[in-house]
Amino acid sequence: MEEKSIKQFEKDLSSFGISLTKKQTDQFIRYYELLTDWNTRMNLTAITDFEKVCKKHFLDSLSIIKAYNPNREIAMIDIGTGAGFPGIPIKIAFPKCRLTLLDSLQKRVTFLNEVVKELQLEDVTVFHGRAEDYAKEGQLREQYDLCVSRAVANLSTLCELCIPYVKIGGDFIAYKSEKANEEMIQAKRAISILGGLDAACVSFRLPETDYERNLLIIHKEKQTPEKYPRKAGIPVKKPL
């Protein structure tokens, strides 16, 4: 990977008001190496070029800073984290936060545990399972100040999978590309049922690209009714 690509990444981050130490930069480089190595054996990402990974995965994950300040001692959970986005980049750049990663595929969980070990990340827990199951009472329900998700699902479905993890007074942030306003309208009923306020939207383009991005922020004002989320698979098949 070229020095100019790293410099471009640092320049892009500076436009977000983020600066990295050498240790953090090295962690991102090692994360990239692990991602591309494991990607030869399992499907983690279609993007493997270093500069594009920095832009479309690392930088995009860290764009949360446009809507929320994670640089403090908060409990954060990343639902459907996949290869670790956005949770691991956030943890690298803002190490004060305590991170939980949740994914339904054991192979990805094995990869994530290896990343956590190799990068020597502290206060990170990785769980294998479905979001519907860990949100039950006595599990991880309403334990987090912030829930994030970059998963591919409509907002109504994501709200049912994610809002139950958020404490009253906490926030759920969904990463979206296009059609964010349409999804916000469709999800109004679900947000209300699940204890959230209407979504706010922060729209922007990633630096020096035409990639349109939207962060949808939902503040939780009341407890989620016990019956949500419904049984595994139902939130996807029958969104609220």
Side-chain angles (χ1 to χ4, degrees), residues 46 56-57 59-68 70 76-83 85-87 90 100-105 129-136 139-206 209-240:
K56 293 187 176 182
H57 286 322
L59 187 67
D60 185 50
S61 295
L62 293 174
S63 68
I64 191 173
I65 198 69
K66 289 185 168 288
Y68 187 98
M76 177 177 71
I77 186 168
D78 180 0
I79 301 292
T81 187
F85 308 123
I90 294 173
T100 298
L101 301 170
L102 178 62
D103 198 84
S104 61
L105 190 65
R130 299 186 66 116
E132 296 96 328
D133 297 328
Y134 277 98
K136 289 185 170 63
Q139 296 282 338
L140 304 177
R141 190 179 185 87
E142 298 189 330
Q143 298 294 308
Y144 296 92
D145 303 292
L146 175 66
C147 177
V148 292
S149 185
R150 205 165 161 254
V152 180
N154 70 66
L155 185 59
S156 296
T157 296
L158 282 178
C159 284
E160 186 170 355
L161 298 178
C162 295
I163 291 178
Y165 287 90
V166 180
K167 298 175 182 177
I168 296 172
D171 297 279
F172 163 48
I173 297 180
Y175 288 65
K176 290 288 182 179
S177 51
E178 301 170 354
K179 299 181 181 178
N181 288 330
E182 182 181 321
E183 287 197 43
M184 286 166 63
I185 293 169
Q186 293 172 347
K188 275 192 169 187
R189 177 173 177 270
I191 293 169
S192 177
I193 288 172
L194 296 162
L197 293 171
D198 284 350
C201 182
V202 176
S203 301
F204 56 94
R205 294 182 189 277
L206 292 179
T209 74
D210 58 356
Y211 304 143
E212 182 183 341
R213 306 300 293 151
N214 295 281
L215 296 173
L216 307 185
I217 309 105
I218 299 165
H219 187 69
K220 185 166 180 176
E221 63 172 354
K222 58 186 178 182
Q223 198 167 32
T224 302
E226 285 185 21
K227 64 180 179 179
Y228 300 109
R230 291 166 291 171
K231 290 182 180 179
I234 295 178
V236 174
K237 293 177 184 175
K238 297 181 178 180
L240 290 172

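Owing to the predicted nature of the structure, the values given are computational and were not obtained by experimental measurement.
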Distance in Å, [X] [atom1] paired with [Y] [atom2], rounded so as to fall on 0.5 Å steps:
| X | Y | atom1 | atom2 | answer |
| --- | --- | --- | --- | --- |
| Ile173 | Asp78 | CD1 | CG | 11.5 Å |
| Ile168 | Glu221 | CD1 | CD | 9.5 Å |
| Ile163 | Lys220 | CD1 | NZ | 7.0 Å |

Show the numbers, then the answer: is there a side chain to side chain contact (heavy atoms under 4.5 Å, CB included) between Asp60 and Arg213? CA-CA 8 Å; Asp60 185 50; Arg213 306 300 293 151; 2.6 Å; yes

Donor-acceptor under 3.5 Å ([X] side chain, [Y] main chain):
| X | Y | result |
| --- | --- | --- |
| Asp103 | Gly82 | yes |
| Ser149 | Ile79 | yes |
| His219 | Gly196 | no |

Listed partners of Glu182 passing side-chain contact (heavy atoms from CB on, under 4.5 Å), at least two apart: Lys179, Gln186

Could you check if a side-chain atom of [X] sits within less than 4.5 angstrom of a side-chain atom of [Y], using non-hydrogen atoms only?
| X | Y | result |
| --- | --- | --- |
| Pro229 | Arg141 | yes |
| Leu62 | Pro86 | no |
| Leu215 | Tyr68 | no |
| Leu158 | Phe172 | yes |

Has Lys238 got more than 12 heavy atoms of other residues, nucleotides or ligands less than 6.0 Å from its NZ?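 Atom NZ in Lys238 is not crowded, with 12 or fewer foreign heavy atoms closer than 6.0 Å.
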
Quick check: are there more than 12 heavy atoms from other residues, nucleotides or ligands sitting under 6.0 Å from CD of Glu212? yes

Among residues two or more places apart or on two chains, list those pairs meeting side chain to side chain donor-acceptor pair (under 3.5 Å) that have a residue in residues 151-165.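 Checked against side chain to side chain donor-acceptor pair (under 3.5 Å) - neighbours excluded - the pairs reaching residues 151-165 are Asn154-Thr157, Glu160-Arg230.
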
If you look at every heavy atom in [X] and [Y], which pair is closest and at what distance?
| X | Y | result |
| --- | --- | --- |
| Gly233 | Arg130 | N-NH2, 3.4 Å |
| Val202 | Ala67 | CG2-CB, 4.0 Å |
| Leu216 | Met184 | CD2-SD, 3.5 Å |
| Leu101 | Gly87 | CD2-CA, 4.2 Å |

Thr209: which residues meet the side-chain hydrogen bond (donor to acceptor under 3.5 Å, both in side chains) condition with it, sequence neighbours left out?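 Here no residue qualifies.
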
Does a salt bridge link Arg205 with Asp210, judged by any charged N lying under 4.0 Å from a carboxylate O? no

Residue pair Ile191, Lys188: steps toward the side chain to side chain contact (heavy atoms under 4.5 Å, CB included) verdict: CA-CA 5 Å; Ile191 293 169; Lys188 275 192 169 187; 5.7 Å; no

Could you walk me through whether Asn214 and Glu183 pass side chain to side chain contact (heavy atoms under 4.5 Å, CB included), step by step? CA-CA 11 Å; Asn214 295 281; Glu183 287 197 43; over 6 Å; no

Pair Met76-Cys147, side chain to side chain contact (heavy atoms under 4.5 Å, CB included): steps then yes or no: CA-CA 6 Å; Met76 177 177 71; Cys147 177; over 6 Å; no

Name the residue from Thr224, Leu161, Ile218 that meets the side chain to side chain contact (heavy atoms under 4.5 Å, CB included) definition with Leu194. Thr224

